[in-house]
Amino acid sequence: MSLKECSSRRSWLAMAAALSLPLPGRASTIERPWPARKPAPPLALDDLEGRRWSLAPLRGKVVVLNFWASWCEPCVTEIPTLSWLAETHAARGDLVVLGVNYQEHEVKVRRFLQGVPVSYPVLLDRNGEAAKTWTSRIFPTTVLIGRDGRPAISVIGELDWAGQQGERLLNPLLAASPAASR
């Protein structure tokens, strides 16, 4: 069940308790290591320009795979720091941010992005399969993928990617040797 599908505060609190999520008024981010034996699910999605994206060509770079929706307030709040992250690393070429929109029509996504611009590719998860295989369908969820192409950490909830917590999560992945991952 996604947060959108929770119709009442009580059902949200029950879901939060069942998933060990923070309750309102507490810290809003959970970090979970990616299960060691779980391989990276496939990813083959088109962006808003019609380009097909997959993870294999990105090997050697750190990938920040952010699952979001326009109706998700924490997702919208997080977008500017993801844009900052993408812009900061663009010249270096060591990190790629990909936003994966969950099941919204392309026209709606384009309209939304007119008011909240992003500086990274937005992929369309039209049927929700990517979110289903990569996340617990709680938004936002961001999966950090190392240079070796393996997912390392899932971050559930909004995060300031320009802050200390973002640095703490990304620095070890960025410090890994690009040559070792090819």
Side-chain angles (χ1 to χ4, degrees), residues 1-43 45 53 55 58 62-86 89 95-104 109 112 116 118 120-146 149-174:
M1 171 182 349
S2 72
L3 291 178
K4 183 180 180 184
E5 295 167 330
C6 291
S7 59
S8 71
R9 179 174 168 77
R10 193 170 82 189
S11 63
W12 188 89
L13 292 172
M15 182 186 71
L19 296 172
S20 301
L21 292 177
L23 296 174
R26 297 188 188 162
S28 62
T29 305
I30 297 173
E31 301 168 19
R32 289 188 179 150
W34 190 264
R37 296 177 194 251
K38 182 179 177 182
L43 182 76
L45 297 172
W53 287 83
L55 294 177
L58 301 175
V62 173
V63 177
V64 177
L65 192 60
N66 176 258
F67 291 85
W68 68 281
S70 67
W71 46 257
C72 166
E73 288 182 38
C75 299
V76 175
T77 303
E78 185 178 49
I79 287 174
T81 65
L82 287 165
S83 284
W84 173 87
L85 187 64
H89 289 271
L95 181 141
V96 174
V97 176
L98 297 174
V100 180
N101 178 268
Y102 179 70
Q103 288 190 316
E104 292 183 283
V109 174
F112 171 80
V116 182
V118 300
Y120 50 87
V122 173
L123 314 183
L124 300 171
D125 185 11
R126 289 180 169 95
N127 63 8
E129 283 301 311
K132 183 178 179 182
T133 58
W134 281 90
T135 75
S136 57
R137 287 181 276 177
I138 296 172
F139 303 108
T141 292
T142 304
V143 180
L144 303 180
I145 302 167
R150 282 213 27 85
I153 300 168
S154 287
V155 178
I156 302 167
E158 172 191 343
L159 184 74
D160 175 3
W161 291 99
Q164 291 179 343
Q165 190 176 7
E167 282 184 29
R168 180 180 54 76
L169 293 171
L170 289 168
N171 282 346
L173 298 174
L174 290 166

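These values consider heavy atoms only, across backbone and side chains, with no hydrogens, waters or symmetry-generated copies. If you're wondering where the values come from, they're calculated on a predicted model, not measured in any experiment.
- Under the rule for a side-chain hydrogen bond (donor to acceptor under 3.5 Å, both in side chains), the partners of Glu31 that lie at least two apart in sequence or sit in another chain are Gln165, Arg168.
- Under the side chain to side chain contact (heavy atoms under 4.5 Å, CB included) criterion, Leu45 pairs with Leu43, Val100, Leu123, Asp125, Ala130, not counting sequence neighbours.
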**Message:** Leu85 vs Leu170, test: side-chain contact (heavy atoms from CB on, under 4.5 Å). Steps then yes/no.
**Reply:** CA-CA 10 Å; Leu85 187 64; Leu170 289 168; 3.7 Å; yes

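- Side-chain contact between Val118 and Leu82 is absent, with no heavy atoms from C-beta onward closer than 4.5 Å.
- Nearest heavy atoms, Ala40 versus Pro151: CB-CD, 3.5 Å.
- For the side chain to side chain contact (heavy atoms under 4.5 Å, CB included) test, residues two or more places apart in sequence or in another chain that qualify with Glu129 are Asn127, Lys132.
- Here the CG atom belonging to Leu98 is positioned 6.0 Å from the CG atom belonging to Leu65, to the nearest 0.5 angstrom.
- Just one of Trp161, Trp84, Tyr120 meets the side-chain contact (heavy atoms from CB on, under 4.5 Å) condition when paired with Val97; it is Tyr120.
- His89 has its side chain out of reach of Val62: every pair of non-hydrogen atoms, C-beta onward, lies at least 4.5 Å apart.
- In this structure, the side chain of Thr81 does not engage the main chain of Asp160 through any donor-acceptor pair within 3.5 Å.
- Closest heavy-atom contact between Thr77 and Pro80: O-CD, 3.3 Å.
- With sequence neighbours left out, the ring pair (Phe, Tyr, Trp, His ring centres under 6.0 Å) criterion links Phe112 to Trp68.
- Considering every non-hydrogen atom in both Asn101 and Ser70, the closest pair reads ND2-N, 4.2 Å.
- Counting only heavy atoms from C-beta outward, the side chains of Leu169 and Leu159 approach each other to under 4.5 Å.
- Every residue meeting the side-chain hydrogen bond (donor to acceptor under 3.5 Å, both in side chains) condition with Asn66, not counting sequence neighbours, appears here in chain and number order: Glu78, Thr142.
- By the side chain to side chain contact (heavy atoms under 4.5 Å, CB included) test, Arg37 is found to be paired with no residue, residues two or more places apart in sequence or in another chain being considered.
- Taking the six-membered ring where the residue is Trp, Tyr102 and Phe139 present tilted rings, their angle falling between 30° and 60°.
- Listed by chain and number, the residues in a salt bridge (Lys or Arg N to Asp or Glu O under 4.0 Å) with Glu158 amount to none (sequence neighbours excluded).
- Scored by the ring pair (Phe, Tyr, Trp, His ring centres under 6.0 Å) test, Trp34 finds Trp134 as partners (sequence neighbours excluded).
- Residues passing the side-chain hydrogen bond (donor to acceptor under 3.5 Å, both in side chains) test with Ser154, sequence neighbours excluded: none.
- Not a single side-chain hydrogen bond (donor to acceptor under 3.5 Å, both in side chains) links Arg150 to another residue, sequence neighbours left out.
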